[in-house]
Amino acid sequence: MEHDWQAFREGLLAWYRPDRRPMPWKENTDPYRIWLSEIILQQTRVEQGWPYFERFVAAYPTVGELAAAPDDAVMKLWEGLGYYSRARNLLRAARTVTAEHDGRFPDTYAGLLALPGIGPYTAAAIASFAFDRQVAVLDGNVFRVLARYAGDATPTTTGPGRKHFQQLAERALGDTPAARFNQAIMDFGALVCTPKLADCAHCPLATSCRALAEEKVYALPLKKRKTAVRTRYFHYLVIKDEQERYLLEQRPAGDIWQSLYQFPLVEAERIDLSLPRLTAHPNWPADLAPDPLRHMRRSGVYRHQLSHQTIGAVFHVLSVGDLTAPAYPPSGMLVVPRAEFERYALPRIITRFLEDTSLTLGF
DNA sequence: GATTCGTGGCT
DNA sequence: TAGCCAAGAAT
């Protein structure tokens, strides 16, 4: 059960070159930039998060400026990146740092962990990268590299499993500088010891890798099966008046896309519902009178895959005379000119519809 | 501790 | 195609 962590360290650090995986925040110790990048990169590929990082830094160069930003502006900058609770917690944390910590990030693991949106991984990353604290990060890369090197089939998805690998990571870290070690092991997992098609032929740790010796590379790390995805059917009501104004509503807490905006939504049990059946549906907005609405067209079915849900959506385009008349808007809804959509953060399934529609119609 | 929270790329 | 995975965290 003993493994040569000394050889692991030396091989890893000899392999490491920071410029193998350039990142705008690498070799930089500004806690704000490191924190921002780490939140953006949670469960997100570097290539996908990079432009968001650049836009956030440009819009909000300091944590104080971010703290002063309106909620909707931050959500809009986050639009399309997913896991929107990250954006809400980002703002909460910025305001906490500004109001309660004199604008400076806590410089300890425990202090960082107390901020919203900062969990064990992110606290360790900031503590080591920005403050040179001797803590080992544990992310998807580290799980995979350690499980394979040690030939360790402990499930990584349980509490005890997590603890086990944290100890392994700390043993591997030893007294090497944590910032460099952490970046090295994550780069190594991303570039060499990859989930599929791992580059074992050129691996500097191959001679002491237990998974390779036992031909278990692709059996590790071991994870427990995940739960099934459920299917939901969304009927969006694209209600447009003669002045190109639309109804929008904000999504509530307790469901996907919390605090993003959308067209009024009727969720139903099936996707093939006619408009008359839709207006009679229990989920039809209570104070939205169907009578003045004229059915213009109906989109095809948009399919959207989330991690635990499959969404099927249809957009019903309806016209009405004047959304500024006294009968409007229904409670909880906004009347928004098409030109002002850009101020509202929308889920990807809606921006996809808008992109399609703006090409075919003068939408 | 099991579930839930997005989106996109890859096989 | 359907599933896996990505610098995870909150509930």
Short side-chain N/O contact from A/R21 to OP1 or OP2 of C/dA7, under 4.0 Å: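 Yes, such a contact exists.
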A/R20 charged N/C atom sitting above A/W15 aromatic ring, 6.0 Å / 45°: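 Yes - A/R20 lies over the ring of A/W15, closer than 6.0 Å to its centre and within 45° of its axis.
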A/Y52 six-ring centre to A/R55 NZ/CZ under 6.0 Å and within 45° of normal: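 Yes.
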Closest to side chain of A/M186, choosing from C/dA7, C/dA6, C/dA9: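 Of C/dA7, C/dA6, C/dA9, C/dA7 is nearest to the side chain of A/M186.
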Options B/dA2, C/dA7, C/dA6, nucleotide nearest the side-chain atoms of A/R144: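 Among B/dA2, C/dA7, C/dA6, the one nearest the side chain of A/R144 is C/dA6.
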Sugar-phosphate, base or nothing in reach of A/T122, heavy atoms under 4.0 Å: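 If one applies the 4.0 Å heavy-atom cut-off, A/T122 turns out to touch the sugar-phosphate alone, with no base involved.
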Sugar-phosphate, base or nothing in reach of A/N89, heavy atoms under 4.0 Å: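 If one applies the 4.0 Å heavy-atom cut-off, A/N89 turns out to touch the sugar-phosphate alone, with no base involved.
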Distance, P atom - from C/dA7 to B/dT11, rounded to whole angstrom: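 After rounding to an integer number of Å, I get 15 Å for this pair.
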Inter-nucleotide P distance (B/dT3, C/dC4), Å rounded: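 Per the computed distance, 15 Å lies between those P atoms.
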Sequence-aligned protein contact record of nucleotides 4-11 of chain B, with B where the base is within under 4.0 Å of a protein heavy atom and S where only the sugar-phosphate is: BBBBBB--
Partner residues of A/T156 under the side-chain contact (heavy atoms from CB on, under 4.5 Å) criterion, sequence neighbours left out: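 Listed in chain order: A/F143, A/F165, A/P221, A/K223.
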All side-chain contact (heavy atoms from CB on, under 4.5 Å) counterparts of A/A73, not counting sequence neighbours: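 In terms of side-chain contact (heavy atoms from CB on, under 4.5 Å), with neighbours along the sequence ignored, A/A73 is linked to A/Y60, A/P70.
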Specify the separation, in whole Å, of atom [atom1] of [X] and atom [atom2] of [N].
X: A/L90; N: C/dA9; atom1: CG; atom2: P; value: 14 Å
X: A/L113; N: C/dG8; atom1: CG; atom2: P; value: 16 Å
X: A/L138; N: C/dA9; atom1: CG; atom2: C1'; value: 14 Å

Polar side-chain atom of A/R251 near backbone of A/S259 as donor-acceptor pair, under 3.5 Å: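 Side chain of A/R251 to backbone of A/S259, a donor-acceptor pair under 3.5 Å: no, none is there.
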Polar side-chain atom of A/E249 near backbone of A/L265 as donor-acceptor pair, under 3.5 Å: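 Answer holds: yes.
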